[in-house]
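Please read the structure below before turning to the comments.
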Amino acid sequence: MSKVSVESKLPAVGTSIFTVMSTLAREHNALNLSQGFPNFSADPALLKLVEKAMFDHHNQYAPSSGYLPLREEIARLIADLHGAEYDPQAEITVTSGATEALFCAITALIGEGDEVIVFEPAFDSYVPAIELNGGIPVYIPLEYPSYTINWEMVKKVVNSRTRMIILNSPHNPTGSALSDADMQELARIVGENKIVILSDEVYEHMIFDGKEHHSIVRYPELAEQSFVISSFGKTFHTTGWKVGYCVAPEYLSHEFRKVHQFITFSTSTPFQVAIAAYMQQHRDKVLGLNDFYQEKRDAFTAMVAGSRFRVLPNRGTYFQLLSYAPISEAGDVEFARQMTVEHGLASIPVSVFYHSHEDNKVLRFCFAKEKATLERAAEILHRI
């Protein structure tokens, strides 16, 4: 029987680098710091709340926009941290992970020929969502090694077709974070051009060295034309639950929800019920996350000190970049593969986050791991 002719909508997309490196790690029994999730458990109190929610019969569809007590807790948290007010009924939507929220926001507003500014290195779900909706990604590289935005470059590419700017702070994969000065520059650009902002803030509770997270929601003139995305999976060490959310003014949320209802409709009810109760009972667990992950970052970088790898600045997330430029001239994909196969340590080559595969000889390591795991990784790095 002959096959149906298929013209791929995403011809350039193959197996993700995360799957490739994790598969390679399994094949060679390598320590896997390529995985972007913790290898330790969530708080047992949260797990017990999920069980309770199930036995309390919270097992049917939640409202499409999310379990209302959870949306109320999200609104309360945003108000406490940033002084911003969002209506839980009309302006907060719970989604099946941040990736779904990103896709819904892009799909809701991007159409054929619309240009979307993407800063590289960029998380890998942005561009496929843009292209599936007929949009055109406009790439701007972050300045290496600080991974900061060159706003003069942004001004040069903005035009009448620019529909959206995607931000990510704290930033995956680099660990950089936007400042108040960045927000002021952004406000000048989008205010003059009426551009929508999509702000990926899933690592919002992981920012270090006493710095503040400059969320879009802190800036009313920006928040009025922004989708802001976050993730309970990152915050509560439960990435497999796939519970995220989007906050946006009502007119944007209205369009967002039109798309959301036909993608997942709603998100796992017992998880939502449990997270709402946990946020009421354990607010300190959210507020203490910066210190928790800074301790892990500091421990890992101290362990790496004295090796031939060079530690790059990190202001947030649970990823640390290491430069291997003093060690090898090999490209980062090849060097990451060699490290996995020959030395038993898996990481992510940063060039895969660029459409041009720009290679600065930098690898990404996830330090959301138990101390023993980080110690083993550091031992390997010292031997290379």
Could you pull out the closest heavy-atom pair between [X] and [Y], with the gap in Å?
X	Y	result
Ala122	Val118	CB-CG1, 3.6 Å
Asp209	Arg297	OD1-NH2, 2.8 Å
Pro173	Phe353	CG-CD1, 3.7 Å
Ser215	Glu201	OG-OE1, 2.8 Å
Gly175	Thr317	CA-OG1, 3.9 Å
Phe18	Ser34	CD2-O, 4.5 Å

Check the side chains of [Y] and [X] for a donor-acceptor pair under 3.5 angstrom, ignoring hydrogens and angles.
X	Y	value
Thr162	Asn193	no
Tyr219	Asp180	yes
Thr93	Ser65	no

Would you call [X] and [Y] a side-chain contact if the rule is heavy atoms closer than 4.5 Å?
X	Y	value
Asn168	Tyr126	yes
Leu186	Ile216	yes
Leu70	Phe271	no
Asp43	Tyr278	yes
His171	Phe119	no
Val350	Glu358	no
Gln225	Tyr251	yes
Ile149	Ile140	no

Consider only side-chain heavy atoms of I, L, V, M, F, W and Y, link residues closer than 4.5 Å, and tell whether [X] and [Y] are in one cluster.
X	Y	result
Ile110	Val13	no
Phe335	Ile348	no
Phe40	Met303	yes
Val304	Leu321	no
Tyr86	Leu252	no

- prompt: Looking at Arg188 and Glu185, does any basic side-chain N land under 4.0 Å from a carboxylate oxygen?
  reply: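 So Arg188 pairs with Glu185 through a salt bridge.
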message: Under 4.0 Å between a side-chain nitrogen and a carboxylate oxygen: does that hold for Lys48 and Glu51?
response: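 Not counted as a salt bridge, because no side-chain N and carboxylate O are separated by less than 4.0 Å.
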task: I would like to know whether Arg376 and Thr373 meet side chain to side chain donor-acceptor pair (under 3.5 Å); could you show each step before the answer?
output: CA-CA 5 Å; Arg376 287 170 55 206; Thr373 302; 5.1 Å; no
Interatomic distance, [X] atom [atom1] to [Y] atom [atom2] [nearest 0.5 angstrom]:
X	Y	atom1	atom2	value
Leu33	Leu374	CG	CG	6.5 Å
Leu345	Ile380	CG	CD1	5.0 Å
His357	Asp332	NE2	CG	10.5 Å
Leu102	Asp200	CG	CG	5.0 Å
Met54	Thr269	CE	OG1	10.0 Å
Ser199	Met183	OG	CE	6.0 Å

Is it true that atom [atom1] of [X] has more than 12 heavy atoms of other residues, nucleotides or ligands lying nearer than 6.0 Å?
X	atom1	answer
Glu250	CD	no
Arg218	CZ	yes
Lys52	NZ	no
Arg257	CZ	yes
Glu329	CD	no

Is the [X]-[Y] ring centre distance short of 6.0 angstrom?
X	Y	result
Phe265	Phe262	no
Tyr245	Phe232	yes
Phe292	His237	yes

message: Test side chain to side chain contact (heavy atoms under 4.5 Å, CB included) on Ser351 and Val333; report intermediate values, then the result.
response: CA-CA 8 Å; Ser351 69; Val333 173; 3.8 Å; yes
Quick check: does any side chain N or O of [X] sit under 3.5 Å from a backbone N or O of [Y], one acting as donor and the other as acceptor?
X	Y	value
His260	Ser64	yes
Asn29	Gly344	no
Ser307	His382	no
Thr238	Trp241	no
Gln320	Val311	no

message: Run Leu322 and Leu381 through side chain to side chain contact (heavy atoms under 4.5 Å, CB included) and show every step you take.
response: CA-CA 10 Å; Leu322 300 180; Leu381 292 169; 3.8 Å; yes
- request: Look at the rings of Tyr139 and His355 and say which category their plane angle falls in: under 30° parallel, 30 to 60° tilted, over 60° perpendicular.
  value: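 Ring orientation, 0 to 90° scale: parallel.
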Chi angles and distances behind the salt bridge (charged side-chain N to carboxylate O under 4.0 Å, His left out) call for Glu255, Lys258: CA-CA 5 Å; Glu255 297 305 314; Lys258 288 180 183 179; 3.1 Å; yes
- prompt: Which of these passes ring-ring contact (aromatic ring centres under 6.0 Å, His included) with Tyr293: Tyr318, Phe300, Phe319?
  reply: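 Considering Tyr318, Phe300, Phe319, a ring-ring contact (aromatic ring centres under 6.0 Å, His included) with Tyr293 is found only for Tyr318.
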field: Worked verdict on His213 versus Tyr203 for side chain to side chain donor-acceptor pair (under 3.5 Å)
entry: CA-CA 10 Å; His213 171 51; Tyr203 298 99; over 6 Å; no
message: Assess the residue pair Lys242 and Glu100 against the criterion (salt bridge (charged side-chain N to carboxylate O under 4.0 Å, His left out)); give the C-alpha distance rounded to whole Å, side-chain angles, the decisive distance to 0.1 Å, and a yes or no.
response: CA-CA 9 Å; Lys242 296 297 290 179; Glu100 190 230 325; over 6 Å; no
- prompt: Given the rule in the side chain to side chain contact (heavy atoms under 4.5 Å, CB included) test, do Tyr147 and Val362 qualify, once you have shown the distances and angles that lead to the verdict?
  reply: CA-CA 12 Å; Tyr147 293 105; Val362 174; 4.2 Å; yes
- request: Before giving the answer on side chain to side chain contact (heavy atoms under 4.5 Å, CB included), spell out for Met153 and Lys156 the whole-Å C-alpha distance, their side-chain angles and the decisive distance to 0.1 Å.
  value: CA-CA 5 Å; Met153 192 176 295; Lys156 289 178 182 178; 5.6 Å; no
Residues which pass salt bridge (charged side-chain N to carboxylate O under 4.0 Å, His left out) with Asp80, listed by chain and number, not counting sequence neighbours: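 Listed in chain order: Arg283.
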